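All figures in this text were calculated on a predicted structure; none of them were measured in a lab. Ligands are counted one by one from 1 in listed order, and the atoms in each one are counted from 1 as well. This chain uses plain numbering: 1 for the first residue, then up along the sequence.
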Amino acid sequence: MQIPIHLAIIMDGNGRWAEQRHLPRILGHRKGVESVQGIVDECLELGVRYLTLYAFSSENWRRPQDEVEALMALLGTFLKNELSRLQKMGIRLMAIGELDRLPKSISKILKESIKKTAGNDRMVLNLALSYGSRNELTRAMQRLGREIANGKLQADAITEEDIGMALDTHDIPDPDLLIRTSGEMRTSNFLLWQTAYTELYFTEALWPDFSRDQLLQAIEEYSRRQRRFGLTGAQLRNKENNDGEGRH
Ligand code: FPP
């Protein structure tokens with residue numbers, strides 16, 4: 001089985017999971033945290049190197065205030081409880097998004113956890129928090145614009161690499177596989193630049209029900225796909241023979 005180096009997940013359906021059971025939505029999010037823990041463990045076992053989770057979008061700030069507050073509280077508890085597990089498992093925490101919009105208490109433990117786990121190298125757990133791809137691209141354009149204004153960069157000389165380096169994900173390779181749960185077939189402003197060649201996988205399962213077995217099914221399907229990156233099948237086979245590696 002071909003294991004994706006970078007797996008990204010849109011964890012959708014917590015609210016519906018709760019509503020189907022006539023429970024408050026926040027209980028769906030709480031159950032969603034259990035799925036997060038199970039999937040982190042499984043990814044580490046499988047040898048995934050980067051796991052990016054869409055935990056809170058730029059648009060999620062518009063949800064009812066009590067849900068936003070409950071989600072932030074859940075995130076705080078998750079970060080506090082998870083730190084020792086991350087250390088034990090050798091997982092490095094990273095985060096992307098407009099992190100200065102997070103409540104101070106959350107950004108403080110987030111920064112501390114990122115710092116404390118910086119030396120871990122078995123897997124990167126990258127949380128997208130207050131993240132929106134258009135917001136990230138806008139901030140990247142502003143950064144490049146400032147460099148042009150300072151005379152450090154020439155507009156016509158901007159390359160795709162420069163844009164990649166100005167994004168929050170500059171230390172992280174592009175995702176190989178993107179999974180979205182809950183049956184919605186869209187990418188909702190998530191990693192738009194970075195997923196140009198990413199394999200997409202949609203499942204009906206709601207995030208709290210997304211199990212290790214379902215993750216394996218997604219990776220099995222990913223393994224069967226041929227990633228051509230714009231080349232023909234024959235060119236790709238030649239390239240693989242020349243590279244001497246079986247990745248596709
Ligand atoms: C989408 O479900 C999920 C979210 C907006 C938040 C995801 C958060 C978690 C899984 C828990 C916190 C995460 C971490 C890493 C601690 P939804 O509410 O949009 O579901 P719905 O579409 O059914 O309403």
Side-chain angles (χ1 to χ4, degrees), residues 7-44 48 50-86 89 91-99 101-103 105-114 117 123-133 135 168 178-191 202-212 214-215:
L7 169 65
I9 307 183
I10 302 177
M11 311 181 287
D12 196 11
N14 295 344
R16 270 163 289 168
W17 183 93
E19 281 158 16
Q20 282 170 6
R21 289 162 179 78
H22 308 288
L23 296 169
R25 291 174 57 84
I26 188 61
L27 289 188
H29 295 309
R30 218 175 273 169
K31 191 81 183 157
V33 174
E34 290 174 26
S35 286
V36 168
Q37 289 163 330
I39 294 305
V40 166
D41 292 354
E42 186 65 18
C43 283
L44 186 69
V48 170
Y50 299 84
L51 172 63
T52 296
L53 300 177
Y54 204 2
F56 195 86
S57 73
S58 309
E59 291 70 31
N60 286 153
W61 291 115
R62 295 203 293 259
R63 290 198 173 191
Q65 198 188 338
D66 58 346
E67 185 169 338
V68 171
E69 282 172 9
L71 271 168
M72 288 299 141
L74 208 54
L75 178 64
T77 313
F78 171 83
L79 290 170
K80 271 184 218 140
N81 294 343
E82 222 37 24
L83 180 61
S84 62
R85 240 167 58 91
L86 296 179
M89 297 193 293
I91 298 177
R92 177 177 182 182
L93 186 70
M94 293 178 98
I96 54 171
E98 237 183 339
L99 304 178
R101 281 189 77 182
L102 295 171
S105 59
I106 303 291
S107 73
K108 186 164 174 273
I109 34 178
L110 182 65
K111 276 188 197 141
E112 280 169 12
S113 303
I114 289 173
T117 60
M123 185 173 91
V124 167
L125 171 61
N126 180 36
L127 297 181
L129 294 168
S130 187
Y131 176 86
S133 207
N135 170 274
D168 296 349
L178 169 64
I179 297 176
R180 180 175 188 146
T181 59
S182 94
E184 311 287 357
M185 304 273 204
R186 54 180 176 270
T187 55
S188 300
N189 203 13
F190 189 46
L191 301 173
F202 298 98
T203 168
E204 291 290 324
L206 302 176
W207 177 250
D209 293 325
F210 189 71
S211 62
R212 293 173 182 226
Q214 279 159 330
L215 174 66

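- A donor-acceptor pair under 3.5 Å is absent between the side-chain atoms of Arg92 and the main chain of Ile114, judged by distance alone.
- With hydrogens and angles ignored, the 3.5 Å screen pairs a side-chain donor or acceptor of Asn189 with a backbone N or O of Ser133.
- Arg101 and Ser107 form no side-chain donor-acceptor contact under 3.5 Å, judged by distance and modelled atom types alone.
- In this structure, Tyr131 and Phe190 have perpendicular ring planes: the angle between them is above 60°, well past the 30° mark.
- From the protein, the heavy atom lying nearest to atom 16 (C) of ligand 1 is Phe78 CG, 3.4 Å.
- Nearest non-hydrogen protein atom to atom 19 (O) of ligand 1 is Arg63 NH2, 2.7 Å.
- What sits closest to atom 12 (C) of ligand 1 on the protein, heavy atoms only, is Val33 CG2, 3.9 Å.
- A donor-acceptor pair under 3.5 Å links the side-chain atoms of Asp168 to the main chain of Gly97, judged by distance alone.
- Between Phe56 and Leu71 the shortest side-chain heavy-atom distance falls below 4.5 Å.
- Residue contacts with ligand 1 do not include Glu19, since none of its heavy atoms lies under 4.0 Å from the ligand.
- Taking the ring centre of Trp17 as origin, the terminal cationic atom of Arg21 falls inside the region bounded by 6.0 Å and 45° from the ring axis.
- Judged purely by distance below 3.5 Å, without hydrogens or angles, the side chains of Arg16 and Ser182 pair a donor atom with an acceptor atom.
- What sits closest to atom 3 (C) of ligand 1 on the protein, heavy atoms only, is Met11 O, 3.1 Å.
- Counting only heavy atoms from C-beta outward, the side chains of Ile179 and Ile10 never approach each other to under 4.5 Å.
- Inclusion of Trp17 in the set of residues having an N or O under 3.5 Å from an N or O of ligand 1 is not warranted.
- The nearest protein atom to atom 4 (C) of ligand 1, hydrogens excluded, is given as His29 CE1, 4.0 Å; this is a heavy-atom distance.
- Looking at atom 7 (C) of ligand 1, its nearest protein heavy atom turns out to be Ala55 O, 3.5 Å.
- The N/O atoms of Gly15, backbone and side chain alike, include one that comes under 3.5 Å of an N/O atom in ligand 1.
- In terms of polar-atom proximity, Asn60 is not counted as a contact of ligand 1, lacking any N or O under 3.5 Å from an N or O of the ligand.
- No N or O atom of Trp207 sits closer than 3.5 Å to an N or O atom of ligand 1.
- Distances from ligand 1 to the non-hydrogen atoms of Arg25 include at least one value under 4.0 Å.
- Among protein heavy atoms, atom 10 (C) of ligand 1 sits closest to Asn14 ND2, 3.3 Å.
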